[in-house]
Number of protein chains: 2
Amino acid sequence: MENYGEYFRALRESKQLTLREVEKATDVSNAYLSQLESGKIKQPSPLTLHKLAEFYGVAYELLMEKVGYPTPKKAERVRHSNSVAYRIGEISEDEEVELLNYLKFIRSRKK
Amino acid sequence: MENYGEYFRALRESKQLTLREVEKATDVSNAYLSQLESGKIKQPSPLTLHKLAEFYGVAYELLMEKVGYPTPKKAERVRHSNSVAYRIGEISEDEEVELLNYLKFIRSRKK
DNA sequence: TTGCATTGCTAAGTATTGCAAGCAAAGATA
DNA sequence: TATCTTTGCTTGCAATACTTAGCAATGCAA
């Protein structure tokens with residue numbers, strides 16, 4: 001993915017967190033998070049990605065892949081990539097239904 | 001592992017290769033390989049490790065571990081892929097960001 | 001021996017990560 | 001309104017990956 005900054009921003013905002021809240025929880029500075037979300041960072045280190053993955057509840061491997069690092073065993077990973085939790089973090093069942101409806105809307109609109 | 005420089009050197013010498021031969025095959029400069037093998041490099045990038053892993057015929061993940069990068073815990077991976085309740089199906093990366101933004105909206109509304 | 005190639009290595013330079021400090025705008029509170 | 005706080009962001013800096021250029025030692029052929 002080229003513009004994964006947007007993705008990190010969406011991840012944080014979907015949880016209604018400020019940069020400083022994420023900083024507190026992950027020990028990644030708000031300054032750096034800001035740069036990361038605005039696309040100024042090419043490849044954050046694996047350690048940084050790991051902290052963010054843990055905190056946001058998404059798979060570390062996914063983030064590694066998103067920023068363009070080589071990942072082991074692509075075939076195996078494909079199985080996991082369909083899970084929404086894998087991609088956007090934990091959601092409640094109610095939220096899942098809402099997302100499904102919204103997804104339907106998105107797709108009907110784009111067609 | 002602390003002294004993985006020795007490990008890389010052993011890997012190369014066991015195959016009777018010169019620094020420049022490895023350079024040719026992996027596009028990692030002989031200068032850097034030398035520094036790497038003498039313990040002057042703290043954490044070579046994942047890309048570099050990947051090239052070396054491929055060429056030396058060892059597991060990429062092993063090298064990642066050796067230099068101290070976090071590695072995906074298998075339990076984690078399983079947890080993500082098993083959260084059956086959240087299985088929605090394949091979505092594109094664009095849709096993913098849209099869903100995250102919508103999730104943000106949902107959550108702000110409920111608050 | 002003399003000349004040339006090969007070897008590992010160092011020095012110096014570029015690019016990038018990640019941080020601390022601090023700024024401007026907006027929000028809250030008096 | 002005036003003051004304090006919160007928010008995202010920018011700037012300047014240190015650390016470090018990685019390269020190019022080149023050096024000293026060794027080997028090897030004439």
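Just so it is clear, the model here is predicted, and its values are computed rather than measured. Residue numbers start from 1 in every chain, and the chains themselves are labelled A, B, ... in the order their sequence lines are given, proteins ahead of strands.
- Within the structure, a side-chain polar atom (N or O) of B:R9 is placed less than 4.0 Å from OP1 or OP2 of C:dC9.
- The phosphate of C:dT17 has neither OP1 nor OP2 within less than 4.0 Å of any side-chain N or O from A:K40.
- Residue B:L52 contributes atom CG, which lies 14 Å from atom P of D:dA17 at whole-angstrom precision.
- The CZ atom of A:F8 sits 14 Å away from the C1' atom of C:dT17 (whole-angstrom rounding).
- Residue A:T18 has its side chain nearest to D:dT7 when only D:dT7, C:dC9, D:dC18 are considered.
- Counting all heavy atoms, side chain and backbone alike, B:P46 lies closest to B:Y69 at CD-OH, 3.8 Å.
- Checking D:dT19, D:dG8, D:dA17 against the side-chain heavy atoms of A:R12 singles out D:dG8 as nearest.
- The nearest whole Å value for the distance from the OH atom in A:Y69 to the P atom in C:dT17 is 8 Å.
- Taking 4.0 angstrom as the limit, A:R20 places none of its side-chain polar atoms (N or O) nearer than this to OP1 or OP2 of D:dC9.
- Taking 4.0 Å as the cut-off between side-chain N and carboxylate O, B:R107 and A:E95 count as a salt-bridged pair.
- When the P atom of D:dT6 is taken as reference, atom CG of A:L17 falls 16 Å away, rounded to whole Å.
- Using a 4.0 Å cut-off between a side-chain N of Lys or Arg and a carboxylate O of Asp or Glu, B:E96 and A:K66 qualify as a salt bridge.
- Here A:S45 reaches the OP1 or OP2 of C:dG18: one of its side-chain N or O atoms lies under 4.0 Å away.
- D:dC18 atom P lies 16 Å from atom CG of B:L19, rounded to whole Å.
- Atom OH in A:Y32 sits about 19 Å away from atom P in D:dA14, given to the nearest Å.
- Atom CG of B:N30 and atom C1' of C:dT6 are 11 Å apart (whole Å).
- B:T48 has a side-chain polar atom (N or O) that falls below the 4.0 Å cut-off from OP1 or OP2 of D:dC18.
- Not a single donor-acceptor pair, N or O on each side, falls under 3.5 Å between the base of D:dT6 and the side chain of A:E21.
- Classification of the B:Y4-B:F8 ring pair by plane angle, with boundaries at 30° and 60°, yields perpendicular.
- Counting any heavy atom pair closer than 4.0 Å across all strands shown, A:L33 reaches no nucleic acid atom.
- The number of heavy-atom neighbours closer than 6.0 Å to NZ of B:K15, taken from other residues, nucleotides and ligands shown, is above 12.
- Rounded to an integer number of Å, the gap from A:Q43 CD to D:dT16 P is 19 Å.
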